[in-house]
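Throughout, a chain's letter reflects where its sequence line sits, starting with A, and its residues are numbered from 1.
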2 protein chains.
Amino acid sequence: MGVLEKVKRAGARVAKQAPAVLPLDTILRQDCIEAMRGLPDKSIDMIFADPPYNLQLGGDLNRPDGSHVDAVTDEWDKFDSLAAYDKFTREWLAQARRILKDDGTIWVIGSYHNIFKVGSAIQDLGFWILNDIIWRKANPMPNFKGTRFTNAHETLIWASKGEKSRYTFNYRSMKTLNDELQMRSDWEFPICSGQERLKKNGHKVHPTQKPEALLYRVLLACTKPGDVVLDPFFGTGTTGAVAKRLGRHWIGIDREGVYVEAALERIAAALPLDESALQTMQAPKAAPRVAFGQLVENGYLAPGTVLSDHKARWRATVGADGSLSCDGQAGSIHKLGATLQGAPSCNGWTFWHYEDQGGLKPIDALRQTYLLATQP
Amino acid sequence: MGVLEKVKRAGARVAKQAPAVLPLDTILRQDCIEAMRGLPDKSIDMIFADPPYNLQLGGDLNRPDGSHVDAVTDEWDKFDSLAAYDKFTREWLAQARRILKDDGTIWVIGSYHNIFKVGSAIQDLGFWILNDIIWRKANPMPNFKGTRFTNAHETLIWASKGEKSRYTFNYRSMKTLNDELQMRSDWEFPICSGQERLKKNGHKVHPTQKPEALLYRVLLACTKPGDVVLDPFFGTGTTGAVAKRLGRHWIGIDREGVYVEAALERIAAALPLDESALQTMQAPKAAPRVAFGQLVENGYLAPGTVLSDHKARWRATVGADGSLSCDGQAGSIHKLGATLQGAPSCNGWTFWHYEDQGGLKPIDALRQTYLLATQP
DNA sequence: TTTCGTAGTGAATCCTGCT
DNA sequence: AAGCAGGATTCACTACGAA
């Protein structure tokens, strides 16, 4: 075969699938920027990246019960400055852009520590943001000291190479997955724990392993079977395991031998998804929780309104924050109800009543009204 | 009055409240950067900003039924380039930083079009991000073309002026508002519609009016009554209306006469909540501190009494000076508890128990009894 | 077999006032 | 300014052993 014919053949293969030189279904144990430099231009269908977050944690943190929080203290998450993190981010993103096909897309996950730097760099490099996606954690770690809001989500950015890019989006799959409603930009999943969490000698192998359900949705939404997915921060290979299950090719990059070893073993054991596993991906959603404060915030009950129990033995006033107060005592609808009755607990929703058309109605009726008004 | 006395008086007022020169409860009809230049350094308790999103929309959009989507096409949302938007963002944020008190905080709301640029600038200017907050829209506009995920949220950034800043966070209020669970970083509210949406001649006055419930939570969480809240992109004055309701001062800035007019009328009609409703749950530390020794001094616990933890693993004896001793070790209720458990710290009030009617009760109960008996 | 209580843990920028 | 000491602070889920 002559050179020309080889080129033609190679060209034909590039159009339909990844070039033969791509190290398909392989982990490159290298620095991510170096490894990407070795990959050809415009050869990857999708990049999923979970880069270091640059958390900048302070001292130790203990739970109220005194136990110690196992924080992310790994060297790979340390940077000398914000500027150094910015530089690193722009370097790996530039390589990612080079090796991405013109109609490919990139996903990056992060938290408020780094996602604004990442998003800003993505825009500066010419990417076109398609969505930002919120991963709502069903079970986040609380804020133990009561100093901020519970940090209960992470953010993903989904971007194409440019405004005119013809990217893959499996709209029907997403709608089916979401019970025939359009898939929204906020996704709820539990954090990775239990059987899914990789352990070695009783300890987690990687401090930030992502749930497979998250990757499952990303890959199902934005790749086709046979596509090549690159993960430049492969870790324990969640991307590879899910890609294999969904019939996509994958390429992983990671420097750490411990992670590479665990990932190889894990991916070798990964099997195509069966029906029962697919069911667990679509866990039935519980009825949404409504806090009494929401009714106050949304004007269903004005602060200053007087509530009473059904026998009108106690009268209490609604506070601006959804608290109730009565004779100098104050608390939530449940706490105050319990205190006044001298009971260990109390369902404030059924205990407290408001006046409506001359009669007393339990505030639970307002909750139902609110639910009907706000839920589709 | 001499100059010195004037300065002293002015100084005293600065410490306790905003300087007299602040245009409290006023709308400045000016460019936001110009207007902020006219305000004094370190004079504002909180800034809430809803800047232009730089949406960069393409052509017209119609719903599947053919009706037309009324998009944000106003001049104030147009910028020549991403760089121009970046420059504008850094300029107004720099002014905001200058006029903000050292312990003040800033909130900025945005979408994926601009929030990464905003967040990146916030970090570069030295602000310290405390949380990013997700406003989950209960009723977002669908993606009519089926080309992306439904854009169902917006992002807010909450930041202090620096890492060491002692910002206001009404933890208890937030917990009460959320039915005795820590408030999370994802908030659900309906979009602003119905009666709340300001209209003129049947058309909405402002294309991006925010729901009052959103501002209500922000102001309740991070300001105190009497604080000064500045909104440099005032629009139709949601921030002012909610601030007035909650007994906070406000300053608004907007160039557009139509918005200013609507905002003035709206705020004039807003009713402040009365004192009782405003009494938000205060942190226990607002209550006077009680030293363990006071309980001993006042006969609530006799020296020589034996205390134990709830599992009765340790037994310690109360000293005449309010110390505790156990197996030759002695110290405060907190120190000894920490030492015995090998923990870095310990809340002695909840750790140590005394015997009461055959059961164990935490000594914190005695403190409550003491407080009730001694406080008016 | 089911239920219940205890223990453990997760990408966390996690205290405040006084000397 | 740094150090010390008082004392305030957690939600959802998993695993496991006991009843």
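With the nearest nucleotide of DNA chain D identified for both A:Thr150 and A:Gln195, A:Thr150 has the one nearer the 5' end. Each of A:Gly202 and A:Leu57 was assigned the nucleotide of DNA chain C with the nearest heavy atom; the assignment lying further toward the 5' end belongs to A:Gly202. Two residues, A:Pro52 and A:Thr147, neighbour DNA chain C, and the one matched to the more 5' nucleotide by heavy-atom proximity is A:Pro52. Remark on DNA chain D: of its neighbouring residues A:Arg63 and B:Phe292, the 5'-side contact belongs to B:Phe292, judged by nearest-heavy-atom nucleotide.
Within the nucleic acid shown, B:Ser332 comes within 4.0 Å of sugar-phosphate atoms alone, with no base atom in reach, counting heavy atoms only. Within 4.0 Å of B:Asp132, counting heavy atoms only, lies no atom of the nucleic acid at all. If you check every strand for non-hydrogen atoms under 4.0 Å, A:Lys210 touches a base. At a threshold of 4.0 angstrom between heavy atoms, the contacts of A:Ser111 with the nucleic acid are absent.
Aromatic ring centres of B:Trp158 and B:Phe169: separated by under 6.0 Å.
Regarding the sugar-base torsion, D:dT14 falls in the anti class, its angle being beyond 90° of 0.
If you take atom P in D:dA8 and the same atom in C:dT9, they sit 27 Å apart, rounded to whole Å. When the C1' atom is used for both D:dT10 and C:dG10, the distance is 12 Å, rounded to whole Å.
At least one test fails for B:Arg136 against the ring of B:Trp187: distance under 6.0 Å to the centre or angle within 45° of the axis.
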Per-nucleotide pairing state of DNA chain C [Watson-Crick or G-U, under 3.5 Å; [ ] pseudoknot-crossing; | other strand]: .|||||||||....|||||
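At a non-hydrogen distance threshold of 4.0 Å, A:Asn139, A:Pro140, A:Met141, A:Pro142, A:Asn143, A:Phe144, A:Lys145 from residues 138-145 of chain A come into contact with DNA chain C.
When rounded to the nearest whole Å, the span between CD of B:Gln182 and C1' of C:dC14 equals 10 Å. Between the CG atom of B:Leu371 and the P atom of D:dG7 there is a distance of 11 Å, given to the nearest Å.
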